[in-house]
Number of protein chains: 2
Amino acid sequence: MAGRAAVPEVIWARPERTGRGPKPAFTRADIAAAAVRIADAQGLDAVSMRHVAAELGCGTMSLYNYVPRKEDLYELMVDAASGEHELWEPTGDWRADMLHVAHQTRELMHRHPWMPRLMSGVYGFSPNALRYLEHCLACLDPLDAPSGTKVELIAMLNGCVTVYVSNELATAERARSLPWSQEQETAVRIAYLGSQVASGAYPRLAASFMEDAGPIDLEAVFQRMLGRVLDGFDPGPRPGPRPGPR
Amino acid sequence: MAGRAAVPEVIWARPERTGRGPKPAFTRADIAAAAVRIADAQGLDAVSMRHVAAELGCGTMSLYNYVPRKEDLYELMVDAASGEHELWEPTGDWRADMLHVAHQTRELMHRHPWMPRLMSGVYGFSPNALRYLEHCLACLDPLDAPSGTKVELIAMLNGCVTVYVSNELATAERARSLPWSQEQETAVRIAYLGSQVASGAYPRLAASFMEDAGPIDLEAVFQRMLGRVLDGFDPGPRPGPRPGPR
DNA sequence: GCGCACTACGTACGGTGTACGTAACTAGGA
DNA sequence: TCCTAGTTACGTACACCGTACGTAGTGCGC
């Protein structure tokens, strides 16, 4: 009806190759790999159309033949990283399988620290995302629940892993990007928090800081979180609130 | 020792006013309010130093007297929005109180759709964040658990709410920003997903789509998620996996 | 009253996404 | 077989971004 609209679709809906004209010099996989390489090495902010084009060895505007908008470049990156999930034959123990999935996701995000930031802005149904979803559903076959509930489980687990790693990375990043030494920064931080807490306005917070001084075991916290998520879907006998060592 | 370092601290650690020189024309609250106004009306990407300065009626570079880096502007925005949390006298029912907190957070994020995106890049201990934390801890007084566990509960609840709303907003945004009509977009989407699913590579996904066709009740899904999070911390009698209507 | 720390702000630089125009190329239909 | 339409390639240009830097004016503390 109206004149042709300007590339609004999800990139996965447009074919990679249409058949007419000269052969494309790159595949989407090439482009995604280049962008991922840059993001891993120099951070997400270094991923610009110019940079990626340079990495590929082509002119900036040539990239737009493959990737209509930068947003779509992100889509390619997330899909490429999602492709790194190793999928296995489900063991029959859905709990163990989902724990394994979650740990793998965490490792993947540590390997590609830009992933959490991109996850929320992305379509979510890229080819590799579908494959991943299907695999999770296969792992959940032994769980007696409606498929809607299973999808909710997967979404919740992924969401929790994403925010958890996001916090992990933010903390690490803040520590790394300092022109000061770690000690000085920590000192400033403690001085600020201490002054706030010591004001008496936050008694419970103060008590909590006192009680939990010292480094925390990120691994254990992660594990506990996963256990609690899965407990919410487990129809088996209740293991209690799993108080744990802390 | 080394020459003076360049403003690396968290903004909350530096005093708003030092006492010397002319009176500042604005407070941090003014600046935060201006930035929030812009972000609410035109989206987060419209929040630039130039825009905010114009909104305040001052030169661009004057802003840098108050806000050393743009990142700190984000910090101010999140703190300002966090200040919109209404805090109440805990009722003694920690479960109900935390549910209330979560619903309030969701509404707040719907009011300020840029919040989820900023939450993960922010220090997390701004004045209003501390007040909010203290309030949550107060609500959790009746819960018999170590304070570390309580903090984990709060973090997990906030995290889940954040990703949930994030997904809600992404979906809504995608629907809104289309140059096409909603129907056309949905058609394209279904055509793509259908073609993938019909390929037979994703049998469980296909079954799930068949089973769960039709619009989903976001409210109910949210509610269920909250229940499951809180269940993971509830030492009371087990209510079962709360199958719900779906 | 003096000096200095602070506010205010214009200019400028190097970066960004991308609209647009042009030239070369190749596959399909006549 | 040739023609032509659709693609690829890519340089130029524009508007906008964060912010380093320099300069001028202001008012508190000594």
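Below, read A as the first sequence line, B as the second, and so on, with proteins coming before strands; counting in each chain starts at 1. Just so we're clear, the structure is a prediction, and the values are computed from it rather than from any experiment.
- Every residue two or more places apart in sequence or in another chain that forms a ring pair (Phe, Tyr, Trp, His ring centres under 6.0 Å) with B/Tyr164 is listed here: B/Phe222.
- Residues satisfying the side chain to side chain donor-acceptor pair (under 3.5 Å) test with B/Asp40, not counting sequence neighbours, are B/His112, B/Trp114.
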Residues 32-39 of chain A side chain polar contacts: donor-acceptor under 3.5 Å, at least two apart:
unit_1: A/Arg37; atom_1: NH1; unit_2: A/Glu55; atom_2: OE2; d: 2.4

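- Here the P atom of nucleotide C/dT18 and the CG atom of A/Leu73 are 10 Å apart, to the nearest Å.
- Here the P atom of nucleotide D/dA20 and the CG atom of B/Leu63 are 14 Å apart, to the nearest Å.
- No donor-acceptor contact under 3.5 Å links the side chain of A/Arg50 to the base of C/dG15.
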_Where protein sits on nucleotides 2-10 of chain C, one letter per nucleotide: B base, S sugar-phosphate only, - none, heavy atoms under 4.0 Å_ = -B-SBSBBB

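- A heavy-atom distance below 4.0 Å to DNA chain D is reached by none of the residues of residues 27-48 of chain A.
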*May I have the step-by-step check of side-chain hydrogen bond (donor to acceptor under 3.5 Å, both in side chains) for A/Ser82 and A/Asp79, ending in yes or no?*
CA-CA 5 Å; A/Ser82 301; A/Asp79 183 65; 5.5 Å; no

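- Judged purely by atom type and a 3.5 angstrom limit, A/Asn158 has no side-chain atom pairing as donor or acceptor with the backbone of A/Ala155.
- Contact annotation: A/Arg69 side-chain N/O to C/dG17 OP1/OP2 distance is not under 4.0 Å.
- In the set C/dG17, C/dT16, D/dT19, the nucleotide with an atom closest to the side chain of A/His51 is C/dT16.
- As rounded to whole Å, 17 Å separates atom C1' of D/dA20 from atom NZ of B/Lys70.
- Looking at B/Asp45 and B/Arg117, a side-chain N of the basic residue comes within less than 4.0 Å of a carboxylate O on the acidic one, giving a salt bridge.
- With sequence neighbours excluded, the residues satisfying salt bridge (charged side-chain N to carboxylate O under 4.0 Å, His left out) with A/Glu84 are A/Arg111.
- The backbone N or O of A/His85 sits nowhere less than 3.5 Å from a side-chain atom of A/Gln104 that would complete a donor-acceptor pair.
- One atom, CD of B/Glu71, and another, P of D/dC17, lie 19 Å apart when rounded to the nearest Å.
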